Structures are given as structure tokens and as C-alpha cells.
Amino acid sequence: MTSIAQTSHIEDIVRRPGRWIALAVLVLAVLLVAVDATVLGLATPFLSEDLAPTGTQLLWIGDVYSFVIAGLLVSMGSLGDRIGRKKLLLTGAVAFGAVAVLNAYATSPEMMILARALLGVAGATLMPSTLALIRNLFHDPRERSLAVGIWGAMASAGAAVGPVMGGFLLEHFWWGSVFLINLPVMAVLVVVGIKMIPESKNPAPGPWDLISVGLSLIGMIAIVYAIKELAAHGGSREVAASAVIGVAALAWFVRRQLRLPAPLLDMRLFHHRGFSGAVLADLLTILGLAGLVFFLSQFLQLVQGRGPLEAGLAELPAAIGAVAAGLMAGVVARRYSVRSVVTGGLAAVGVALASVTLLSKDTGYPMLGFMLLIVGVGAGFAFTVTADVILSTVPKEQAGSASAVSETAYELGAALGIALLGSIVTGVYQGFETPAGIGSGTAAAAHESLGGAVEAASTLPAAQALPLMSAAQEAFVEGMRYAAGIGAAVLLATAVAAWFLLRGQKLEDGIEHP
């Protein structure tokens, strides 16, 4: 009888009804970050016209958020384990909303880059907290798989809501309005989250090592900066120095974690082949996708002439596919296997990206829409299952650190993807031949970016503007084709690696004690 009573008590705790309301609040934070990331792509042509950034500044505006967030995620995940994940999440939500206002009213490229960097600091507090709280809210692995699927689906829904809402705002207001949509979401998150989200943290966390925080931040930013500059401008002493500093800082960080009694990040997590394989799959998948997605909105608007709202609606198939696949991923992975679902998802994304190498200015929407649908389905399966693997392979006390590793892989992959593949697009684009009769100043502005070419062409008579725009658009599409080919190769190679690294990996079935 006692055993039955204990079992019933445990199940009551495990299945307390408030957990789904708490999950609904948590995914608002995911929505917040996803919407912010996607509306920037749509706003880029308008932002380019207003702030007139150079090609390099435009890339920094696109990826500095990811650089900073990648450098801070591990530290913030560990901080949440120590001070409380709910406390960190709500503090970060308030900061995120406040800094979004600064983004909206930026008056120069330099101010915009700074505002995006500060948004990265705030964003770093949000993502690890959401996944870690899910790990502690759901003790039934099957329920947790569904919760992680909903978490991923909301991120994808944010990717859909962002362009559509952003497109509507851009057609009626100025570009800064796309950042202000964060405010109502943040307000709901804070007001409801205070009451509905239970606090959780590591009961014996040890001190937060500030030296490790600094080493992690310096190492990640220096490495990413070196890769970005190498891709954009080739080798130099500055690039070499940045790379050396980054490697040295990260090596010191790892060595320090192995010696600390309460490390910022337990390096022993990487001894688990499933954990390492899932993290690698996340990083390389996003690397392959991010650079292409960053330029897709520009292709739809500046090459094919769609309005911002139409461009946002055109990207919906990717979100629909990701939502559907994310919700089914846990069931499918248990029916078949983790490695078959992740490998199949990665391969599907790789093949879809390979089809982009056939892209032209006049490519019809059916091909684009089908490609985006396949990308969404493949990414939805892969990301949901790898997130579940990462969460289920660590003790719940370390959920914040493990979630931070997962999110770091995601953000680092995004930063590297925009830096490397974005630099390929930019490099190919800037090599186009200027039509005869166009002044050097106008030609230089047109070569900075496709948005710059649109602005430059608007000052020319039609006889000169049309050849200039045609040459610029062809060069941009050619750059996208090159980037998509490289992205496809990365995804297909990652699929092969995942097949071996995730061998024997399974999702949990038994209910754990809270």
C-alpha cells in the first residue's frame, strides 16, 4: 500500500496540471527570439536605405547578435543553474524588450551594431533557461519529447510569424517598428511567468567562476571574428592574432573546467557520444542553413520584386514543415531510431539546399515553396530529436549547462553560417562587371550590397538603371548558388557523421523521480 501511495504521489508531482501553462509561457520567450531573428532579414533592404551601411557593416548587423550570444550562452546557462532559471529568464525578458527599443531607434550603422550586440547579451539569458526549465518541468520522457517538440515548433512558428507580421509593419510603418513587436510578448511573459513558472536551480552549484566567464566570452568571439574576417578579406596578422587569442582562451577555459570542483561547464558531458553527436549536428546544420536564409528575404524582395508581406508569406512553408515535424519527432524517433530520424532530416535539408544551385532570377514559386517545405520538415525532425537527446543525457541539475551547450551550437552555427556563406555571397556579388557609362561613385555604391545597387539605380535614368540592376541581381543569385552548394555539402556530410555518432542512441521511456 505504501508503495502504491508513493507511486501515486510521484505521478501527481510529475503530472501537475500547471506544467502545460508554464510551457506556454516559456515558448513565448522562444517566440520572442525567433521573431527578432527573422524580421531583421525582411527589414534589411529598408535598413540599408536608411542607415546606408557598407557590405561589411551589413554582415555585422546580421551576425553580431549571434556572436555575442554564442560567447555568453554557456556562462548564462551556468548562472541560471546557480541563481535560478526563472529569475534569469524573467530578468532577461525585461532586458530584451528594453534593448529592442534601442534597435528600433538606431540612427547609424554603428549604433545598430551596438544595439544588436546588447540584444545578444539579453538573449543569452533567455534560451538556456527555457530548455532547462522544460527539463525540470517534465519528468515523463514521452511528455518531455512532446514539450521539446512544442518548444521547437514555436521557434519555427516565430520564424513564420516574424516575416508576416514584419512584412505588414514594413508596408505601413518604418523599419524600426519590427523590433517593437517584442514589447507585448515580453510583457505577457513577465506577468504570467511570475505566477506560473516554478523556480528551479542546482541545489549545490558552487560559485560562478568569473575567470571562466571571461575566457568563454573572449575565446568564442575571437574565434568567430577570425573566421569571419578570413572568409571576407583573407589572411592577415590581425586574423592570425585573433585566432591565436581565441584558441588560447578556449584551451585555458577547458583546462580550468577540468580542474574546478564546480565548473562552469562539465566537460565530461562530451564523453557521451550521443551528446557530442547531437551538438555537432546542431552546429553544422545551422551553419549550412543560416547564411542562405539570411539572404533569401533579399532575393524575394530585391531580385523577384515581392513586397515585404508577400516575401514573409512566401517563407511560410519552411515554418509549417518544421512545426509539423517537430510535433511528430519524438514518436517517430521511438518507433524507428534516433539516428535514422536525425540522419534523414539532415539529408533532406542537404538535398533541398542542393536544389537551390538551380535557382535563377525567374525561378517560379512552386519550386521555392517545395524546397522551403522540405527544409522545414528536415530541420524540424533533426533539431527536435537532437535537443531531446541533449536534455535526456544529463542530470537535471546540469540542465542549464547542457541547454546552453545546445544553444551555443545553434548560435555559433548561425554566426559562422552568416559569416562564411554570407561572405561567399558578398564576394561573388561584388565581382560583377559594371555596365558602361556609370560613374565610379555610383558603381562603388552598387558594389557594396544589393540594397546599395537598388539605391544607386534609383538615381540613374532607365537606360542605365536597368542594365545595372540586371547585372547586380544576376551576381547576387550566382553568389546564392555557390553558398547553397557549399551548405548542401556541409549538411550531407553532417548526415553521414550523425549516422555513426548517434548509433545505439535512444530516447528515454521511464518516468524519473522529481
Side-chain angles (χ1 to χ4, degrees), residues 32-33 35-73 92 95-126 162 166 170 174-180 182 217-233 236 238-239 242 245-246 290-291 293-295 297-298 411-423 425-427 429-430 445 448-452 455:
L32 197 75
V33 178
V35 165
D36 179 77
T38 52
V39 295
L40 179 64
L42 271 181
T44 296
F46 300 87
L47 185 151
S48 297
E49 181 179 345
D50 194 14
L51 302 185
T54 64
T56 301
Q57 285 175 328
L58 194 61
L59 284 178
W60 273 109
I61 290 170
D63 59 24
V64 71
Y65 170 82
S66 294
F67 284 10
V68 173
I69 206 172
L72 286 174
L73 275 169
F96 197 90
V99 178
V101 176
L102 182 62
N103 279 259
Y105 291 98
T107 55
S108 69
E110 293 80 9
M111 184 177 175
M112 189 67 187
I113 292 169
L114 175 62
R116 294 291 294 170
L118 292 174
L119 202 66
V121 176
T125 67
L126 296 177
L170 288 167
W174 98 113
W175 60 264
S177 63
V178 301
F179 294 105
L180 299 182
N182 290 315
L217 180 62
I218 293 169
M220 292 293 288
I221 291 181
I223 287 289
V224 173
Y225 175 79
I227 294 173
K228 177 192 182 306
E229 288 299 302
L230 182 65
H233 306 297
S236 68
E238 183 182 351
V239 168
S242 180
I245 290 170
V293 170
F294 182 70
F295 285 94
S297 291
Q298 294 181 68
E411 295 298 338
L412 182 58
L416 291 175
I418 291 174
L420 296 175
L421 300 186
S423 295
V425 175
T426 301
Y429 169 79
Q430 290 178 339
E448 281 290 345
S449 67
L450 186 57
E455 185 69 17

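Worth saying up front: this structure is predicted, and the values here are computed from it rather than measured.
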Undergrad: Who are the side-chain contact (heavy atoms from CB on, under 4.5 Å) partners of Leu180, not counting sequence neighbours?
TA: Val101, Ala104, Tyr105, Trp174, Leu183

Undergrad: Work out which heavy atom in Ser108 is nearest to a heavy atom in Leu51; give both atom names and the distance.
TA: N-CD2, 3.7 Å

Undergrad: Between Thr107 and Met112, is a side-chain contact (heavy atoms from CB on, under 4.5 Å) present by the stated rule, with each step listed?
TA: CA-CA 7 Å; Thr107 55; Met112 189 67 187; over 6 Å; no

Undergrad: Between Ile61 and Pro53, what is the shortest heavy-atom contact and its length?
TA: CD1-CB, 4.3 Å

Undergrad: Quick check for you: to the nearest 0.5 Å, what is the distance between Leu119 atom CG and Phe179 atom CZ?
TA: 8.0 Å

Undergrad: Restricting to side-chain contact (heavy atoms from CB on, under 4.5 Å), what partner residues turn up for Leu217, sequence neighbours left out?
TA: Leu72, Ile221

Undergrad: Among residues at least two apart in sequence or on other chains, which ones pass side-chain contact (heavy atoms from CB on, under 4.5 Å) with Ala95?
TA: Ala122

Undergrad: Quick one, Glu110 with Ile113, criterion side-chain contact (heavy atoms from CB on, under 4.5 Å). Give me CA distance, side-chain angles, the key distance, then yes/no.
TA: CA-CA 5 Å; Glu110 293 80 9; Ile113 292 169; 5.7 Å; no

Undergrad: When rounded to the nearest 0.5 angstrom, what distance separates CG in Leu114 from CG in Leu102?
TA: 6.5 Å

Undergrad: Which residues satisfy the side-chain hydrogen bond (donor to acceptor under 3.5 Å, both in side chains) test with Glu238, sequence neighbours excluded?
TA: Tyr225

Undergrad: Looking at Ala222 and Ser242, what are the two nearest heavy atoms and their distance?
TA: O-OG, 2.7 Å

Undergrad: Can a donor-acceptor pair be found, under 3.5 Å and without considering hydrogens, that links the side chain of Asn103 to the backbone of Ala115?
TA: yes

